[in-house]
Amino acid sequence: MPFAQPTRIAPSLLAADFARLGEEVKNVVASGADWIHFDVMDNHYVPNLTMGPMVCEALRPHTDAPIDVHLMVEPVDAIIPQFAKAGANIITFHPEASRHPDRTLALIREHGCKAGLVFNPATPLDWMDHVMEKLDVILLMSVNPGFGGQAFIPETLRKLALARGKIDAWKNSGGQGIALEVDGGVKIDNIAAIRAAGADTFVAGSAIFGQPDYKTVIDALRAEIAKGESLSA
Ligand code: DX5
Ligand code: ZN
């Protein structure tokens, strides 16, 4: 049963109109988005600067959709309670940016959020092996973090298949379910192959917010996801 998992589309606000964020969130959720992907950049871990907990808090009343906070910050721990308080539902971080990733995962859950690790293109998946029971999400970067609108790195497909194998083996041995999310360069023309490689949660920034009608794009992404399932089922 390679495709037992539900699938989710998580539009990245990085590509939204920052002057109208509340409206953008409402529109994209009304158009079928499952999660709102919220990219946090600190001009230190990555060479760009975006949004913090105050923006998350301001958006929270505008939607019931889960807010998926992707931390590209270093250090990590101090900002976690602030995002939990601001209404985040899922918090992921880059393990090499935390001095103690196991402790950081526990901290996220203690604050009532789902926890996950993010892997840059060159970061090995080994970081997940000894913290499996503390994971709700694994996020594979299919671009180097810091900017939207970059091209999908094809090697990610092999890495997704490896991550899918680890997650399924864990589940089959009685472990909890872990979402497998992919982030960067996801488009209508590659999402079927990304699904076929094992992803179940798809971040898309410029593919959605760059278009005039969000529902048309999200419907097309879902149709391609379904094709990806029939391709290799
Ligand atoms: C990049 C961010 C991504 C980005 C994806 O560091 O983590 O979430 O917004 O944007 P697209 O979909 O345009 O590649
Ligand atoms: Zn992201």
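Sequence positions, counted from 1, serve as the residue numbers for this chain. Atoms considered below: every heavy atom in the structure, side chains included; atoms not considered: hydrogens, waters and symmetry mates. Whatever order the structure lists ligands and atoms in, that order sets their numbers, starting from 1.
The protein heavy atom nearest to atom 6 (O) of ligand 1 is G146 N, 2.8 Å. The protein non-hydrogen atom at the shortest distance from atom 9 (O) of ligand 1 is S12 OG, 2.8 Å. Looking at atom 3 (C) of ligand 1, its nearest protein heavy atom turns out to be D183 OD1, 2.9 Å. In terms of protein heavy atoms, atom 12 (O) of ligand 1 is closest to G205 N, 2.8 Å. Atom 10 (O) of ligand 1 has its closest protein heavy atom at G148 CA, 3.6 Å.
Those atoms of ligand 1 with a heavy atom of H70 less than 4.0 angstrom away are 7 (O). Near H37, the atoms of ligand 1 lying under 4.0 angstrom from a non-hydrogen atom of the residue are 8 (O). Proximity to V203 (heavy-atom distance under 4.0 Å) selects the following atoms of ligand 1: 8 (O). Distances below 4.0 Å separate heavy atoms of P145 from the following atoms of ligand 1: 6 (O). The M41 neighbourhood of ligand 1 comprises atoms 6 (O), with distances under 4.0 Å to a heavy atom of that residue. Contact atoms of ligand 1 toward A204: 12 (O) (distance under 4.0 Å to a heavy atom of the residue). Each of the atoms 6 (O), 7 (O) of ligand 1 lies under 4.0 Å from some heavy atom of M72.
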Stepwise, does the side-chain hydrogen bond (donor to acceptor under 3.5 Å, both in side chains) test hold for H37 with D39?
CA-CA 6 Å; H37 187 78; D39 286 306; 2.9 Å; yes

Determine whether W127 and E96 satisfy the following criterion, side-chain hydrogen bond (donor to acceptor under 3.5 Å, both in side chains), listing intermediate values before the conclusion.
CA-CA 9 Å; W127 287 93; E96 74 282 8; 5.2 Å; no

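The atom of H70 that is an N, O or S and sits closest to the Zn ion (ligand 2) is ND1. Taking the Zn ion (ligand 2) as reference, the nearest N/O/S atom within D183 carries the name OD2. Summary: OD1 is the N/O/S atom of D39 found nearest to the Zn ion (ligand 2).
Checked against a 3.5 angstrom limit, the closest N/O atoms of G185 and ligand 1 fall inside it. Note: no N/O pair closer than 3.5 Å links N144 and ligand 1 by distance alone.
One distance of note links CG of L160 with CD of E181; it measures 11.0 Å at 0.5 Å rounding.
With salt bridges taken as basic N to acidic carboxylate O contacts below 4.0 Å, one links R158 and E155. Checked for salt-bridge contact, D126 and K166 miss the test: no charged N lies under 4.0 Å from a carboxylate O. E224 and K227 are joined by a salt bridge, as a carboxylate oxygen and a charged side-chain nitrogen come within less than 4.0 angstrom of each other.
A side-chain donor-acceptor contact under 3.5 Å links D200 to the backbone of L180.
Ranked by closest heavy atom to atom 1 (C) of ligand 1, the top entry among F202, F147, F209 is F147. The heavy atom nearest to atom 13 (O) of ligand 1, considering only A207, A10, S206, is found in S206.
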